J.: 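Take a look at this one; I'll ask things after.
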Amino acid sequence: MTDALNNSYYRATANAWETQPVFTGEGEYDVAVIGGGFTGLSAALACAEKGLKVALLEAKTIGYGASGRNGGQLIPGLRWSMRELDEEFGRERAQAIFDLAYGAVDRVKGRIARHGIQCDLKSGHLEAAYKPAHFDAMQRDAEYLEQHFGWESEIVQLKDMGRHINGGGYHGGIYDSRGGHFHPLNYALGLAAAAQKAGVTIFENSFVRPADVNARNVIVATDSWISDIDGKLGRYTIPIMNYNIATTPLSDWESLLPSDAAVADSRFVLNYFRLSADKRLIFGGGEKYVQTPPADIAAFVRKHIVEVFPSLAHTPIDYAWGGAVGVTMNRLPHLGREGNIFFAHGFSGHGALVTTLAGELLAEAVTGTMERFDVFANLPHQPFPGGKWLARPLATLGLLYYALRDRL
């Protein structure tokens, strides 16, 4: 991924950060964390809080990958509904998954408050139904979630959607006041500063593999780049390219998104959007299954904007950028351990909250407390079929099939 894909609003409005030195191979550590995104930063911080000597090594700069480029949407839970998890794994395991996955909301908000991270945190998330059948399923899932797990959300009927969004032709939605949105790069930089204060040594522009660092334990938290570290683990995810834009500040933002909630719709290839602190529309739309970006990212995303907000057809776009999302076969995160190497990846576009949880679970596992880590490590996963050369083409065919269903 080139810097041409990182012309982001987030980089332009990033909090101050002093570039850290390059790793020279010296030093002995209790834990080496490879990857400077939400997962790695959270893991490093939590390990240091447990009294361990920690090095964090980032191949580029803090938040360079998906953690500094994503839509900034804070969506409670996982890609599977709790009804699906309950039916698949039974109530006891589903309850354990719920406690962790939905508890991630408080973990992130707690970190922001504890460390005074300035990241434009806002409350409120709306899942918007693209089709009437989607709304029916969303209502059933919301009612199930409240009845069996006690998590309340608001079912928004079609006639009431204008409280949150005016556009898109959606058929209702689910509003979760505990969800929300934030400036993801500034959250990453805030975690990095907190980690340094806790004693973590951070190295940037330092590509390493586990064998390159003298550490008793290694945490690999590189998500879309995990195949560069471990080819075997890389078979469990494929990278999908997502693209985002930020418009010029909108004077009429209240007519579009009156509640200032983040919105994601229910399509397989979803649109997701929100307002920045200075009232720009930050919009992500469409996916590409090859890593070559569109010749004009802004034009690629604009056609999706116009479907939702026709009035913005000619609104200037000030920033356009892209990034890769690591997706697993079942779209659940993949955590595990191989000897003294611990890993977490494959958050499948649903990681702004769960990555902080994953990092803290990795820190628990490194110190020998495996119970909560194993809740996720025991989720079933299969590598993508086809091996090194065919896995991506075969996965692309499957993804294109589901994308086509959006249009039917």
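Just so it is clear, the model here is predicted, and its values are computed rather than measured.
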J.: Any ion pair linking Arg372 and Glu364 (charged N to carboxylate O, less than 4.0 Å)?
T.: yes
J.: In terms of heavy-atom contacts, does CD of Glu28 have more than 12 from other residues, nucleotides or ligands at under 6.0 Å?
T.: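 No, because the 6.0 Å sphere around CD of Glu28 holds 12 heavy atoms or fewer from other groups.
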J.: Should Cys47 and Ile219 count as side-chain neighbours, where that means a heavy-atom distance under 4.5 Å?
T.: yes
J.: For the backbone of Gly359 and the side chain of Ser42, can you confirm whether one donor and one acceptor N or O come within less than 3.5 Å of each other?
T.: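 It does not hold such a pair.
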J.: Using modelled atom types and a 3.5 Å cut-off, is there a donor and acceptor pairing between side-chain atoms of Arg274 and backbone atoms of Gly71?
T.: yes
J.: Quick test of your reading of the model: are Glu360 and Arg111 salt-bridged, counting only N-O distances below 4.0 Å?
T.: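 The answer is yes: the pair qualifies as a salt bridge.
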J.: Step by step, would you call Arg235 with Met329 a side chain to side chain contact (heavy atoms under 4.5 Å, CB included)?
T.: CA-CA 10 Å; Arg235 293 183 57 205; Met329 279 273 286; over 6 Å; no
J.: Check Asp260 with Lys279, please: is the shortest side-chain N to carboxylate O separation under 4.0 Å?
T.: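 Salt bridge between Lys279 and Asp260, a charged N being under 4.0 Å from a carboxylate O: yes.
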J.: Would you confirm whether the ring centroid of Tyr175 sits within less than 6.0 angstrom of the ring centroid of His125?
T.: no
J.: Picking from Val31, Val218, Leu57, what satisfies side-chain contact (heavy atoms from CB on, under 4.5 Å) with Val213?
T.: Leu57
J.: Side chains of Glu58 and Tyr64: closer than 4.5 Å at any heavy-atom pair?
T.: yes
J.: Taking the side chain as C-beta and beyond, is there a heavy-atom pair between Lys122 and Leu275 under 4.5 Å?
T.: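 Lys122 vs Leu275: side chains apart.
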J.: Hey, does Gln73 have a side-chain heavy atom less than 4.5 Å from the side chain of Phe182?
T.: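 When only atoms from C-beta onward are counted, Gln73 and Phe182 do not touch, as no gap falls below 4.5 Å.
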J.: Between the side chain of Thr355 and the main-chain N/O of Gly351, is any donor-acceptor distance below 3.5 Å?
T.: yes
J.: Could you report the tightest heavy-atom contact between Ile282 and Ser276, atom names first, then the distance?
T.: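 Smallest interatomic distance, heavy atoms only, reads CD1-CB, 3.9 Å.
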J.: Looking only at heavy atoms, what is the nearest atom pair of Ser177 and Ser123, with distance?
T.: O-CB, 3.7 Å
J.: Let's go through Asp30 and Lys53 carefully: what are the C-alpha distance in whole Å and the side-chain angles of both, what is the deciding distance for salt bridge (charged side-chain N to carboxylate O under 4.0 Å, His left out) to 0.1 Å, and is it a yes or a no?
T.: CA-CA 5 Å; Asp30 297 316; Lys53 185 179 181 182; over 6 Å; no
J.: Go through the steps to decide whether Leu379 and Phe89 satisfy the test side chain to side chain contact (heavy atoms under 4.5 Å, CB included), and finish with yes or no.
T.: CA-CA 9 Å; Leu379 293 174; Phe89 301 120; 4.0 Å; yes
J.: Are Arg178 and Trp151 in a cation-pi setup, meaning NZ or CZ lies under 6.0 angstrom from the ring centre and within 45 degrees of the ring axis?
T.: yes
J.: Can you check side chain to side chain donor-acceptor pair (under 3.5 Å) on Tyr144 and Asp86, steps first, answer last?
T.: CA-CA 10 Å; Tyr144 192 95; Asp86 206 354; 2.6 Å; yes
J.: Can you see whether Tyr10 engages Asn70 through a side-chain donor-acceptor pair at a distance of less than 3.5 angstrom?
T.: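 Per modelled atom types, Tyr10 and Asn70 side chains form no pair under 3.5 Å.
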J.: Can you check whether Phe38 and Phe347 have ring centres sitting under 6.0 Å from each other?
T.: no
J.: Mark yes or no for whether Glu152, through its side chain, and Glu146, through its backbone, hold a donor-acceptor pair below 3.5 Å.
T.: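 Side chain of Glu152 to backbone of Glu146: no pair is present.
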J.: For the side chain of Asp223 and the backbone of Gly346, is there at least one donor-acceptor N/O pair under 3.5 Å apart?
T.: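 Side chain of Asp223 to backbone of Gly346, a donor-acceptor pair under 3.5 Å: yes, one is there.
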J.: Please test Arg91 against His148 for side chain to side chain donor-acceptor pair (under 3.5 Å), starting from the C-alpha separation and ending with a verdict.
T.: CA-CA 9 Å; Arg91 175 55 52 84; His148 296 283; 3.3 Å; yes
J.: Is it true that a side-chain atom of Thr356 and a backbone atom of Ala352 form a donor plus acceptor pair closer than 3.5 Å?
T.: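 It does not hold such a pair.
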J.: Using modelled atom types and a 3.5 Å cut-off, is there a donor and acceptor pairing between side-chain atoms of Arg69 and backbone atoms of Gly322?
T.: yes
J.: Are side-chain N/O atoms of Thr328 and His334 paired as donor and acceptor at under 3.5 Å?
T.: no
J.: Any heavy-atom pair between the side chains of Asp141 and Glu84 that's under 4.5 Å?
T.: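 Glu84 does not reach Asp141 side chain to side chain.
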J.: Verify, without hydrogens or angle tests, whether Ser224 (side chain) and Gly326 (backbone) share a donor-acceptor contact under 3.5 angstrom.
T.: yes
J.: After noting the C-alpha distance and the side-chain angles of Phe273 and Phe309, does the key distance pass the ring-ring contact (aromatic ring centres under 6.0 Å, His included) rule?
T.: CA-CA 11 Å; Phe273 43 93; Phe309 301 117; 5.5 Å; yes
J.: Can you check whether Leu126 reaches Ile174 side chain to side chain, under 4.5 Å on heavy atoms?
T.: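 When only atoms from C-beta onward are counted, Ile174 and Leu126 do not touch, as no gap falls below 4.5 Å.
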J.: Is there a side-chain contact between Phe207 and Arg209, using heavy atoms and a 4.5 Å cut-off?
T.: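 Side-chain contact under 4.5 Å: yes.
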J.: Can you tell whether the side chains of Asp278 and Arg280 come within less than 4.0 Å, N to carboxylate O?
T.: yes
J.: Of all the heavy-atom pairs spanning Gly77 and Val354, show the shortest one and how long it is.
T.: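 Here Gly77 and Val354 meet closest at O-CG2, 3.7 Å.
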J.: Is there a side chain to side chain contact (heavy atoms under 4.5 Å, CB included) between Thr222 and His345? Walk through the geometry before answering.
T.: CA-CA 7 Å; Thr222 54; His345 66 138; over 6 Å; no
J.: Could you check whether any side-chain heavy atom of Ile75 comes within less than 4.5 Å of a side-chain heavy atom of Leu353, counting everything from C-beta outward?
T.: no
J.: What's the separation between atom CD1 in Ile62 and atom CD in Gln196, rounded to the nearest 0.5 Å?
T.: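 The CD atom of Gln196 is 8.0 Å from CD1 of Ile62, to the nearest 0.5 Å.
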J.: For the residue pair Ser67 / Tyr187, report whether a side-chain donor-acceptor contact shorter than 3.5 Å exists.
T.: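 No.
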J.: Mind running side chain to side chain contact (heavy atoms under 4.5 Å, CB included) on Asn214 and Tyr29 for me, showing each step along the way?
T.: CA-CA 6 Å; Asn214 185 358; Tyr29 301 94; 5.9 Å; no
J.: Under the 3.5 angstrom rule, does the side chain of Asn378 hit a backbone N or O of Asp374 as a donor-acceptor pair?
T.: yes
J.: Tell me whether Glu307 is salt-bridged to Arg267, with the criterion being a basic N under 4.0 Å from an acidic carboxylate O.
T.: yes
